[in-house]
Number of protein chains: 2
Amino acid sequence: MENTASRRTRPAKPALTREWIVEETVRIMREEGFEKATMRRVAARLDTGAASLYVYFPNNAELHAAALDQMLSTATSAETGWWRDRLDTLLDNYAEVLFALPGLARSAVVVRPLGPNSIRVYDQLLGLLIEGGADPGPAAWGVNLLLQYVTATAAEHSSTAPKEMYSDRDPQREFAGLARAIADADSATAPNLARHGQLAYTGTPRQRMQWAISVIVEGIRATATPGTETGR
Amino acid sequence: MENTASRRTRPAKPALTREWIVEETVRIMREEGFEKATMRRVAARLDTGAASLYVYFPNNAELHAAALDQMLSTATSAETGWWRDRLDTLLDNYAEVLFALPGLARSAVVVRPLGPNSIRVYDQLLGLLIEGGADPGPAAWGVNLLLQYVTATAAEHSSTAPKEMYSDRDPQREFAGLARAIADADSATAPNLARHGQLAYTGTPRQRMQWAISVIVEGIRATATPGTETGR
DNA sequence: ACCTGAACACCGTTCAAGT
DNA sequence: ACCTGAACACCGTTCAAGT
């Protein structure tokens, strides 16, 4: 009774659905960049007004989160292998999605995706940390810490050209501001930076990311959480 | 010759300076919230048009970063005491500024402040990590990791009411979405979350932050960087 | 060099009115 | 319940013209 669309032939305007809106949003982000995936433009591509989208999403941040969840369908770890290698693969896949659209990462720092693909990533990451010997408490907290690191690192790149990939960025450009600031800081006001500051911008972005993931993973395995009581 | 302002009495419109613009921006952020510190409104409060600000700042992100640097004048560690306590104090002071204005934290995830107060924080943090036994390489990379964690955590709160403080937020509300997602995830699709997911939202925000800082600090002290060669 | 008004090209969100 | 056009209340940034 309610769904008579199948009886009609080629309806000029198919009804909106959550999935349809998300798909179109992902398409715009991939084709035109994150910045173009505004409420107005997504609605326009669906042949409607922006107000219609508010039936399905309370605000644009939630729409972005849903689009990210959709894109995370490619983020999976291998089924076999050492837990640490699988963890690296999983985070690498997660990072790949976000580094391709740094503006989306910026949005995800504030509103985390909670759809099926995100939940699968959280679940796998939690399982891998436990498999690696972490207690469930630190592992559960650690999932947030690891994903927050990857998300924030991807977001840092959102002011640069959208096509640039993290593996081949120019460190000279990336740290230009910091290098100048360190050079300006004399050894009286910033003695430690004067002595060791140049070490901050050694290595490739990939090396720094892998180091940071090691730092966090090792820290998770070594640091107990305050207890098992729930907050409040 | 050029500066004749001192000869005049009470000029109706004092000349713009970088410092004057930053001060007014900080004032607006504190009085009206981060969201109100737009180029147009800052300019209006300085009795000019938004275009005038572009003589001093290339875009609004740089103005925000300059305002944050100004606010970080209160972020210092004690002069004496155990290195770890001083590190906690320093990061706590840093966090206090950002949690008071989560929108500013959100902006800082992308454009890091590089003024004198920020440089002083970087320098002190670097010194404390080295004092704590970290090698200079990991310490230099670790400074970024620690500050990124605090910044991103503060930014996460930018969608909630601006007056709320991190120490007394309601965990029920904070994790409402995640809790629902975990509850929805059956043990077939998300076995690890089904078993341990509830541990993700234990503890207070402060406990989680202190745990995370311990994780990162211990990880920094235990994890060597790939080498001392500079990137390319 | 610095400053300005006006213009350009947009935003997110709400709401009354429709179906 | 869902959809819509129009309105509300703004944005960041650029630019030609001034001083």
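To find a chain, count down the sequence lines: A is the first, B the second, and so on, and within it residues start at 1.
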Nearest-angstrom distance, [atom1] atom, [N] to [M]:
| N | M | atom1 | value |
| --- | --- | --- | --- |
| C/dT14 | D/dC3 | C1' | 14 Å |
| C/dC10 | D/dC8 | C1' | 15 Å |
| C/dC2 | D/dA17 | C1' | 13 Å |
| D/dA9 | C/dA9 | P | 25 Å |

Next item on the list: Could you say whether A/A61 or B/Y56 is positioned toward the 5' end of DNA chain C, judged by the nucleotide with the nearest heavy atom to each?
Entry: B/Y56
Next item on the list: Could I get the full list of ring pair (Phe, Tyr, Trp, His ring centres under 6.0 Å) partners for A/F34, not counting sequence neighbours?
Entry: A/H64
Item checked: Heavy-atom side-chain contact between A/I220 and A/L146 under 4.5 Å -> yes
Next item on the list: Report yes if the side chains of B/L101 and B/M71 come closer than 4.5 Å at any heavy-atom pair, otherwise no.
Entry: yes
Residues [X] and [Y] bridged, charged N to O under 4.0 Å:
| X | Y | answer |
| --- | --- | --- |
| A/R120 | A/D69 | no |
| B/R41 | B/E24 | no |
| B/R106 | B/E156 | no |
| B/E32 | B/R45 | yes |
| B/D92 | B/R206 | yes |

Item checked: Pairing pattern in dot-bracket form [Watson-Crick, G-U; both distances under 3.5 Å; | = partner strand] for DNA chain C -> ||.|||||...|||||.||
Please report the distance, rounded to the nearest Å, between [atom1] in [X] and [atom2] in [N].
| X | N | atom1 | atom2 | answer |
| --- | --- | --- | --- | --- |
| A/L53 | C/dC15 | CG | P | 17 Å |
| B/H64 | D/dG12 | NE2 | C1' | 11 Å |
| B/L46 | C/dC3 | CG | P | 11 Å |

Next item on the list: Return the minimal non-hydrogen interatomic distance between A/A67 and A/V26, and the atom names on each side.
Entry: O-CG2, 3.7 Å
Taking only nitrogen or oxygen atoms into account, show me every contact under 3.5 Å that the protein makes with nucleotides 5-11 of chain C, one pair per line with its distance.
| from | atom 1 | to | atom 2 | distance (Å) |
| --- | --- | --- | --- | --- |
| C/dC11 | OP1 | A/T38 | OG1 | 3.3 |

